[in-house]
Amino acid sequence: MAQRIPESPEVTAHTEEAWVSVIQKMDEAYADLVHYQVEIEDKNAELNEAKSFFDSVQGSMSDLLMVCDHQGVVQQVNRSLELLVGQSQSALVGVHFSTLVSVCYQQKVQSFSEQLRLQPIRDCEIALTSPQGDIPLSMNCSPRKDSRGRLIGMVMVGRPLGELQKAYKALNSAHAELKLAQERLIQAEKMASLGRLVAGVAHELNNPISFVYGNMHALKRYTAKLLVYFDEIQSGASRESLKELRETLRLDKAIKDLNSLVDGTMEGADRVRDIVNDLKQFSSTQASAKTEFDLVHVVRSALQWIIKESKHTIRVEDNLPDYLQAWGHSGQIHQVVVNLLQNAADALKTTPTPSIKLSAGTADNQVWMTVEDNGPGIPAEDLSRLFDPFFTTKPVGEGTGLGLSISYGIAIEHGGTLKIENQPHGGAIAEMVLPLKECSDV
Ligand SMILES: Nc1ncnc2c1ncn2[C@@H]1O[C@H](COP(=O)(O)OP(=O)(O)OP(=O)(O)O)[C@@H](O)[C@H]1O
Ligand SMILES: [Mg+2]
């Protein structure tokens with residue numbers, strides 16, 4: 001049996017010291033462990049809190065969120081995206097994001113990661129496939145970088161365009177309805193001015209037509225006489241009797257008249273054609289294209305109708321040049337000028353020596369035209385309301401109050417202006433300014 005060698009008292013004391021120190025170290029290590037454990041638990045609690053905060057923010061986002069790695073593989077999506085595409089996060093994680101994009105936008109999204117290297121993608125229109133069909137989205141895509149600035153993925157945030165598109169559609173159809181209503185209003189006003197002019201037009205047409213009629217009657221009479229004469233020739237009448245007949249029928253005068261009768265008839269027909277051409281100005285609609293036109297011709301043709309229709313004699317001072325090129329719808333500008341002249345003529349009803357002065361010219365790449373009258377002018381309190389729709393001082397049936405409001409709209413739509421002022425020496429002056437050439441903003 002092995003015998004233990006008895007230890008000396010020094011050795012025993014040493015060993016005990018060593019044990020005490022080991023136990024102390026173990027205690028310290030244990031205390032550290034407990035401390036670390038508490039710290040880890042605290043950190044864990046903080047992490048859990050941060051995660052649940054992040055999850056709740058993500059979950060309540062109405063916009064769609066998709067986080068992908070640098071190759072476009074989905075790493076995380078939010079609840080809105082899950083609901084939209086009808087798939088859970090676990091099914092979506094790991095697939096390439098482009099598989100969620102509708103076929104028509106596949107090509108567009110292929111270049112996302114390349115584009116992201118240059119700059120974030122803003123308001124890009126794409127569509128995601130869903131059980132309800134393709135859902136159009138407006139998508140923003142930003143790069144995700146690591147602490148060293150290397151691209152490690154992308155974050156996409158999208159918003160369905162459905163609501164926006166609905167709002168746009170409603171806006172567009174409201175706009176279209178307004179435009180239609182405006183066109184109808186313009187047309188109605190045109191018809192009203194046309195109505196006022198019909199009497200003048202009828203009178204104007206009556207003149208040439210009545211002398212065309214007169215000439216035709218004379219021609220008919222002459223044809224009958226010539227027929228009698230030719231019948232006599234055919235029946236072998238003698239030279240003497242033919243000469244006598246020619247004198248009785250006054251054939252020489254008839255033959256001399258023939259040319260001037262035909263010329264007069266032609267002239268009457270030309271006049272009718274010109275009147276009809278002028279009238280066409282009234283029937284041109286907004287649908288016709290803007291073109292270059294002679295403003296002076298438009299003003300003179302409008303003047304003709306207004307002066308003819310006016311019940312009293314108005315002196316006209318015509319300071320217009322021979323030709324003035326303007327740009328736009330000549331029919332609409334004709335409508336504006338008719339209204340300005342009509343307003344002037346109406347204002348002159350009680351003026352003892354009524355007169356209208358017309359001037360026009362070019363300045364600063366624009367063409368201007370003024371209508372001045374020596375009427376009573378416009379009361380100061382009415383000046384600010386002249387262009388209001390339905391503002392009129394005329395009796396019912398004589399004015400709708402739409403003339404100036406529509407004229408103003410037409411001038412503005414042409415890139416021009418329209419203004420009316422009182423003149424220092426009395427009467428009113430209306431000035432219309434139009435572009436000389438096509439404007440890029442019109
Ligand atoms: N040259 C003018 N002199 C005095 N008043 C004018 C003149 N031009 C316009 N006004 C005033 O402005 C008002 C509005 O003119 P606007 O052309 O819009 O309508 P209206 O002539 O009354 O009716 P409508 O043109 O629809 O037949 C007129 O009623 C008139 O009181
Ligand atoms: Mg008017």
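Excluded from the calculations below are hydrogen atoms, water molecules and symmetry mates; all remaining heavy atoms, backbone and side chain alike, are included. Numbers here simply count residues along the sequence, with the first being 1.
- No side-chain donor-acceptor contact under 3.5 Å links N78 and E82.
- Summarising the local packing, CD of Q132 is surrounded by more than 12 heavy atoms from other residues, nucleotides or ligands at distances under 6.0 Å.
- Counting only residues at least two apart or in different chains, side chain to side chain donor-acceptor pair (under 3.5 Å) contacts with residues 383-392 are absent.
- Residue pairs that meet the salt bridge (Lys or Arg N to Asp or Glu O under 4.0 Å) test with at least one member in residues 50-59, sequence neighbours left out, are K51-D55.
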Can you give each donor-acceptor pair under 3.5 Å made by side-chain atoms of residues 116-123, sequence neighbours left out, with the distance rounded to 0.1 Å?
none

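- Y408 is linked by a ring-ring contact (aromatic ring centres under 6.0 Å, His included) to F387, counting only residues two or more places apart in sequence or in another chain.
- Among residues two or more places apart in sequence or in another chain, the side chain to side chain contact (heavy atoms under 4.5 Å, CB included) test is passed with D270 by R273.
- In this structure Y323 satisfies the side chain to side chain contact (heavy atoms under 4.5 Å, CB included) test together with D294, Q325, sequence neighbours excluded.
- Using a 3.5 Å distance cut-off with no hydrogens or angles, the side chains of K43 and N48 do not pair a donor with an acceptor.
- Checked against side chain to side chain contact (heavy atoms under 4.5 Å, CB included), S102 has the following partners two or more places apart in sequence or in another chain: C104, Y105, A127, T129, D134.
- For N172, there are no side chain to side chain contact (heavy atoms under 4.5 Å, CB included) partners at least two apart in sequence or on another chain.
- The two residues V85 and S130 come nearest to each other via the heavy atoms CA-CB, 4.3 Å.
- Contacts of D63 classified as salt bridge (charged side-chain N to carboxylate O under 4.0 Å, His left out), with partners at least two apart in sequence or in another chain: R159.
- A distance of 6.0 Å or more separates the ring centres of H334 and H329.
- Among residue pairs with one or both ends in residues 207-236, none qualify as salt bridge (Lys or Arg N to Asp or Glu O under 4.0 Å); sequence neighbours excluded.
- Residues forming a side chain to side chain donor-acceptor pair (under 3.5 Å) with Q89 (at least two apart in sequence, or on another chain): none.
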Enumerate, atom names and distances included, each donor-acceptor pair closer than 3.5 Å involving a side-chain atom of residues 358-372, sequence neighbours excluded.
none

